Amino acid sequence: MSSSVLIVEDERRIASFIEKGLRANGFVPLCVSDGATALDVAMTADFDLIVLDLGLPDMDGFTVLRRLRHAGVRVPVVVLTARDGVRDTVAALEGGADDYMSKPFRFEELLARVRLRLRLRTERATEEVTVLSVGHISLDLRTRRARVGPRTIDLTAREFLLAETFLRHPGQVLAREQLLSAVWGYDYDPGSNIVDVYVGYLRRKLGAGTITTVRGMGYRLEPEPPFA
Ligand code: CA
C-alpha cells in the first residue's frame, strides 16, 4: 500500500516540488500551508509520515510538533530547517522530530530520509509487542529497559514490575491490593505501605505527575503523562 505523507509548508514552490516528487515515487502526499490546518489534519487522519517546515505563517513548526506529540501522535516527522539553523535542528530533534533536512536540498536527499524513517517505523512496529509505551514513557520488556522521552531510566526489578503493571492499564485506577499482588505476590501484609513507597520511587524516576493518587481507591497512571 502507498504511504501517505502530510507536507506542511507555506512556500508553494517548495510544497509543490516535494508533492510532485513524492507522488512520482508512489507516495500519496497532501499539502497544507499553515500550522492550525496541519494539526487538524494530522489529528484526524492517519499519515505514515509528516514533512514539517519550521517557518509557518500562523505558528512555528516547533509548536505544531509539540502539540502533536503531546496529543500522542507518534507519526515520524522530518522537519525542514534553514541551512544555518543548527540551533533549530537541535531543538526540533529534542522536540520529537525524527529527522531533518536543511534547505535548500535535492529531492533525492529528502526521499532517502523519508524512506529510512518509514522503514524504521515498520521495523519498530514488528517489535512492538515487547515494548509497552504510554505517552513519553516506554518499557522494553525484553531488555528490561525503561525510557522517559530520550532518557534511559534505571529501575530495580520491583520498580520495573510496578511500572509494567501501570503501563498495561493506563488511565485505570489500580487498588493497592491489586498492585501488591501483581508485584509482590500474596505473601505481603495488606497493611504494608510498600506500594506507596514504591509509587514514590516511580514518580521520582518517571516524573511527579505521571501517577496520580485517587483518594481511598488507589493509583492511576495518567494516559497522557506530563513530560517533566
Ligand atoms: Ca516556510
Side-chain angles (χ1 to χ4, degrees), residues 1-82 85 87-105 107 109-111 113-122 124-125 128 133-138 149-150 170-171 207 209-210 221-228:
M1 224 181 77
S2 331
S3 300
S4 55
V5 178
L6 176 64
I7 302 162
V8 189
E9 168 63 87
D10 58 314
E11 278 171 76
R12 195 169 295 174
R13 193 177 50 83
I14 298 177
S16 97
F17 159 74
I18 299 172
E19 185 185 17
K20 282 179 188 151
L22 287 177
R23 186 164 287 134
N25 281 277
F27 293 88
V28 180
L30 174 73
C31 287
V32 299
S33 57
D34 64 87
T37 312
L39 283 171
D40 260 7
V41 171
M43 288 188 197
T44 47
D46 239 349
F47 289 92
D48 295 300
L49 187 133
I50 299 176
V51 175
L52 175 64
D53 183 37
L54 288 181
L56 296 170
D58 56 339
M59 62 180 88
D60 62 30
F62 296 115
T63 308
V64 176
L65 184 58
R66 197 172 55 241
R67 292 199 190 159
L68 282 178
R69 294 308 189 219
H70 192 78
V73 177
R74 260 171 255 156
V75 52
V77 174
V78 177
V79 295
L80 303 179
T81 65
R87 213 192 287 162
D88 281 356
T89 304
V90 172
L93 293 174
E94 283 176 350
D98 300 272
D99 210 338
Y100 69 97
M101 190 79 251
S102 310
K103 290 179 183 175
F105 53 86
F107 179 75
E109 298 177 85
L110 178 66
L111 183 62
R113 279 174 164 74
V114 166
R115 286 193 167 136
L116 173 67
R117 289 302 138 192
L118 289 171
R119 198 176 69 229
L120 291 176
R121 179 169 136 112
T122 311
R124 213 173 301 149
E128 207 137 48
S133 59
V134 172
H136 55 277
I137 300 171
S138 67
T210 52
L221 174 70
E222 291 303 313
E224 280 180 35
F227 192 59

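These figures come from a predicted structure and were not determined experimentally. Residues: numbered from 1 along the sequence shown.
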Measure up the F107 and F17 rings against each other and bin them: parallel (under 30°), tilted (30 to 60°), perpendicular (over 60°).
-> perpendicular

side-chain hydrogen bond (donor to acceptor under 3.5 Å, both in side chains) pairs touching residues 44-55, sequence neighbours excluded, are S4-D48, D53-K103

Report yes or no: does D58 contribute a side-chain atom to a donor-acceptor pair with the main-chain N or O of G35 at less than 3.5 Å?
-> yes

Taking side-chain contact (heavy atoms from CB on, under 4.5 Å) as the test, write out the residues that go with R23, two or more places apart.
-> E19, P29

Is any side-chain heavy atom of L6 closer than 4.5 Å to a side-chain heavy atom of V75?
-> no

side-chain hydrogen bond (donor to acceptor under 3.5 Å, both in side chains) against D34, all qualifying residues, sequence neighbours excluded | T37

Looking at side-chain heavy atoms only, is the closest gap between V51 and M101 below 4.5 Å?
-> no

Within-4.5 Å side-chain heavy-atom neighbours: T210 and E222 | no

Set of side-chain contact (heavy atoms from CB on, under 4.5 Å) partners for F62, sequence neighbours left out = L54, D60, D88, A91, A92

Applying side-chain contact (heavy atoms from CB on, under 4.5 Å), name anything that partners R117, two or more places apart in sequence or on another chain.
-> L49, P76, V78, D98, D99, L120

In Å and rounded to the nearest 0.5 Å, what is the CZ to CG distance from R121 to L116?
-> 13.5 Å

Taking only residues two or more places apart in sequence, or in another chain, which ones meet S138 in a side-chain hydrogen bond (donor to acceptor under 3.5 Å, both in side chains)?
-> none

Side chains of V8 and V64 in contact at under 4.5 Å (non-hydrogen atoms) = no

Check whether any side-chain heavy atom of F27 lies under 4.5 Å from a side-chain heavy atom of I7, and answer yes or no.
-> no

For R13, all residues meeting side-chain contact (heavy atoms from CB on, under 4.5 Å), sequence neighbours excluded = E11

Nearest-0.5 Å distance, CZ of residue R12 to OG of residue S33 = 7.5 Å

With S2, which residues qualify under side-chain hydrogen bond (donor to acceptor under 3.5 Å, both in side chains), at least two apart?
-> none

Could you check if a side-chain atom of F47 sits within less than 4.5 angstrom of a side-chain atom of V41, using non-hydrogen atoms only?
-> yes

Residues, nucleotides or ligands: over 12 heavy atoms within 6.0 Å of Y100 OH | no

